[in-house]
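Heads up, the thing below is written out as structure tokens.
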Amino acid sequence: MFTFKKSERLCGTKQFAELFASGRSFVVFPYRIVFLEKEADNNPAVLFAVSIPRRRMKRAVDRNKLKRRTREVWRKNKADLIDHFTKHHKKCYVAFIYLENDLVSYQVAERKIKDAINRLIKETSEYF
RNA sequence: ACGGCAGGAGACUCUAUCGCUGCAAUUUUUUGCAGAGGAAAGUCCGGGCAACGCAGAGCGCCAUACUUCCUAACGGGAAGGUGCCCGUUUCUUUGAAACGGGUAACAGCAAGUGCCACAGAAAAUUACCGUCCGCCAAAAGCGUGAUAAGGGUGAAAACGUGAGGUAAGAGCUUACGGGUGUUGCUGGCGACAGCAGCAUGGGGUAAACCUUAUGGGUUGAAAGGUCAAAUAUGUCUGGGUUUGAGGAUUGCUCGUCCGAUCCAGGCGGGUAGACCGAUAGAUCCGUACAGUGAUGUGCGGACCAGAUCAAUGAUAGAGCCCCUUAUGGGUGACAGAAUCCGGCUUAUACUCCUGUUGUUACC
RNA sequence: GGUCCAUUCGUCUAGGGGUUAGGACGUCAGGUUUUCAUCCUGGUAACAGGGGUUCGAAUCCCCUAUGGACUA
């Protein structure tokens, strides 16, 4: 249940173009969350991506560290969201874009991402 | 003992749980193994590899620059030569020699051209003051006159000192010293060194244009190849004839080719995406031999990341280290593979080693 | 990933070895005006950082930092 395989990640030019062209977004600082609901198919219900702009984090070490922290928190907390979408026979693309100029600790990131997941469930529920 | 500087080596370890990427086995969900660096960085050089120029040649452009060697190659490295700087010792007190260390874009301004601000007479066929000669009885003054010793300027001033010589002077001559070029001999593979002879007086600047020698065809894996939904409808290969408007071809020129038509043959091109390129190699470890050394050769052993919106992580505990200190708290630098190798440069907490230097204490 | 370029007052720029680095806008002070604007006078303020070549470097060369362009 706490897996995070290749099939659960957002890959390819087309998927990213679709998400950023027609997706909606909100901000839970320090993350901006972009998401797009779709009809369910055989693939996993939620596809996830994280993006750290080079403009904000100069060094590759810091960008890697943040991406790994974000993915780790997502891996541990995504279960509620997957239940929510499979129950309504939908799927969803989600991207997290980092907005802060400094590193955040694991504990802060975990609290913020939990908030973001709850907000995402609330936002998408209005359409079902 | 402590501190500074320079160089070199290492650059956190282990356990548990939950995950990620690749490979192998098992077989259809499990198991096992492996999983960032000394700089992976900057992209400053050199190569492997690949495509292109439908043959190629020249010019241009770029790079390098003491010698010999190493290397696949290099602008890298090793050993040496020369100049400069520093230290020690000896002779001696002007200085010289030996040893050790550091340093050098160290070919050529004695090939040509350019530039050398201000100051100064003059910045390179010198002439303001001065000295001498001539005109004039003399002085003052004048001169297609001679000269460059003395003066001050400047970053830099036309070999230095003594003697002779001269109207006055001057390498004009000569002795000594030192510079440059060149010839011969000796030593060295060579750069070069030593000795002897001859010539010469020649400012600096090539990280100014340039000359000489050597090297480089151009472009880089987003190169390039295979399969191939969608979409659009032509295009390629070989041979012959004719002709050259326009075009293509590496920065330019020459050259070459495309063009028109006839004959024969073929079906291809290609976006999203997938795969190859792409991870076994100028590889690593140990050892013996050759060599002053860089390095090479032989033997034995090992397999050591391979992703593609991009893996190598998170949590907890223990140890190591630091600060306060019996508790407790904190830190672990620089930094993250992207086609692969060899270098260079830059960044680097802490620990250890070597050299050098300073302070304090003791003998 | 690769290939190039740039960095000069607060801003835009000139200068390509030789005075005190020039100009415009801005800003500050004074003057003009009853006051403000305009105008006039004067001031302030810069060669990205480090090293080298040279008598002398903003300029030439090397390293570093920052910013930008092109290439799918």
Side-chain angles (χ1 to χ4, degrees):
Chain A
M1 186 46 64
F2 294 115
T3 60
F4 185 54
K5 293 213 188 299
K6 184 70 178 293
S7 59
E8 299 177 52
R9 298 179 196 181
L10 194 60
C11 316
T13 313
K14 285 180 73 178
Q15 289 181 341
F16 271 90
E18 192 178 356
L19 172 60
F20 285 108
S22 51
R24 295 183 291 137
S25 70
F26 58 87
V27 173
V28 177
F29 201 79
Y31 293 101
R32 175 185 190 85
I33 292 97
V34 183
F35 66 99
L36 176 68
E37 315 99 66
K38 291 173 71 77
E39 293 301 317
D41 50 23
N42 289 329
N43 293 322
V46 178
L47 298 186
F48 173 76
V50 59
S51 173
I52 318 280
R54 181 153 195 259
R55 190 172 293 272
R56 300 197 180 277
M57 305 298 289
K58 276 297 178 196
R59 286 174 302 178
V61 175
D62 299 330
R63 291 200 300 274
N64 275 344
K65 188 170 286 183
L66 267 172
K67 284 163 91 171
R68 284 165 182 161
R69 272 183 190 157
T70 308
R71 274 201 301 267
E72 183 70 13
V73 174
W74 175 262
R75 185 176 69 80
K76 290 185 172 172
N77 297 286
K78 66 183 177 168
D80 292 343
L81 197 63
I82 292 172
D83 286 346
H84 170 73
F85 279 104
T86 47
K87 200 164 58 187
H88 292 88
H89 304 291
K90 295 274 187 180
K91 62 181 283 191
C92 184
Y93 296 163
V94 182
F96 277 56
I97 299 166
Y98 195 69
L99 297 175
E100 181 63 76
N101 284 333
D102 301 313
L103 283 168
V104 293
S105 68
Y106 181 83
Q107 284 75 21
V108 172
E110 184 166 32
R111 204 172 65 240
K112 293 291 184 182
I113 288 169
K114 280 179 176 171
D115 290 350
I117 287 171
N118 290 332
R119 172 117 182 247
L120 192 58
I121 291 172
K122 206 174 71 185
E123 293 251 341
T124 51
S125 298
E126 298 168 8
Y127 292 86
F128 299 155

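Atom set for the values below is all heavy atoms of this structure, side chains included, hydrogens, waters and symmetry mates excluded. Each chain gets a letter, A, B and so on, in the order the sequences are listed, and its residues count up from 1.
Comparing V61(A) and F48(A), the nucleotide of RNA chain B nearest to each residue sits closer to the 5' end for F48(A).
Following rounding to the nearest Å, D62(A) (CG) and A335(B) (C1') show an atom-to-atom distance of 9 Å. Atom NZ in K65(A) sits roughly 17 Å away from atom C1' in A311(B) (whole-Å rounding). Computed from coordinates, the W74(A) CH2 to C18(B) C1' distance equals 18 Å when rounded to whole Å. Here the P atom of nucleotide A41(B) and the CG atom of N64(A) are 13 Å apart, to the nearest Å. Rounded to a whole Å, the CZ atom of R69(A) is 17 Å from the C1' atom of G19(B). Distance CG (N77(A)) to C1' (C18(B)): 13 Å, rounded to an integer number of Å. Atom CZ in F96(A) sits about 16 Å away from atom C1' in C309(B), given to the nearest Å. Here C309(B) presents its C1' atom at 14 Å from OH of Y93(A), a figure rounded to the nearest Å.
Look at C341(B): its glycosidic torsion is beyond 90° from 0, and that puts it in the anti range. Regarding the sugar-base torsion, G291(B) falls in the anti class, its angle being beyond 90° of 0. Taking the syn range as angles within 90° of 0, the glycosidic angle of G171(B) is syn. For U144(B), the base adopts the syn conformation, since its glycosidic angle falls within 90 degrees of zero. Using a 90° window around 0 for the glycosidic torsion, G16(C) falls inside it and is classed as syn.
Taking the six-membered ring where the residue is Trp, W74(A) and F48(A) present parallel rings, their angle staying beneath 30° rather than reaching 60°.
Using atom P as the reference point in both C74(B) and U249(B), the two lie 34 Å apart (nearest Å). U205(B) and A124(B) have their C1' atoms separated by 14 Å, with the value rounded to a whole Å. Only the C1' atoms considered, U295(B) is 48 Å distant from A199(B), to the nearest whole Å. Comparing the C1' positions of G238(B) and G281(B) gives a spacing of 44 Å, expressed to the nearest Å. Distance check on atom P: A72(B) versus A222(B) gives 30 Å, rounded to whole Å. Rounded to whole Å, the C1' atom of U90(B) lies 30 Å from the corresponding atom of U186(B). To the nearest whole angstrom, the two P atoms, one in U44(C) and one in G1(C), are 48 Å apart. Spacing between C115(B) and G18(C) at atom C1', rounded to whole Å, works out to 11 Å.
Atom OG of S25(A) sits about 8.0 Å away from atom CZ of F35(A), to the nearest 0.5 Å. One finds the CG atom of D80(A) at 7.5 Å from the CG atom of N118(A) (value rounded to the nearest 0.5 Å). Between the NZ atom of K87(A) and the CD1 atom of I82(A) there is a distance of 13.5 Å, given to the nearest 0.5 Å. Between the SG atom of C92(A) and the CG atom of L47(A) there is a distance of 8.5 Å, given to the nearest 0.5 Å.
In summary, the side chains of T70(A) and Y98(A) do not present any donor paired with an acceptor at a separation below 3.5 Å, with no hydrogens or angles considered.
Across the strands present, A193(B) finds its partner in U186(B); the criterion is a Watson-Crick or G-U wobble pair with both atom distances under 3.5 angstrom. Pairing for C36(C) is absent, with no Watson-Crick or G-U wobble pair whose two atom distances lie under 3.5 Å. When Watson-Crick and G-U wobble pairs are counted only if both distances are under 3.5 Å, C59(B) pairs with G251(B). In this structure, C23(B) forms a base pair with G32(B), meeting either the Watson-Crick or the G-U wobble geometry with both donor-acceptor distances under 3.5 Å.
Nearest to the side chain of R9(A), among A36(B), C18(B), A310(B), sits A310(B). Checked against A314(B), A310(B), G19(B), the side chain of E72(A) finds its nearest nucleotide in A314(B).
Residue pairs meeting the salt bridge (Lys or Arg N to Asp or Glu O under 4.0 Å) criterion with at least one member in residues 64-73 of chain A, sequence neighbours excluded, are E72(A)-R75(A), E72(A)-K76(A).
Linking ILVMFWY side-chain heavy atoms closer than 4.5 Å, directly or via other members, places F85(A) and I121(A) in a single hydrophobic cluster.
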All N/O contacts under 3.5 Å from nucleotides 15-17 of chain B to the protein, with atom names and distances to one decimal?
none

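Looking at heavy-atom distances under 4.0 Å, R71(A) makes contact with sugar-phosphate atoms alone, never a base.
Taking the side chain as every heavy atom from C-beta outward, F26(A) and L120(A) approach each other to under 4.5 Å.
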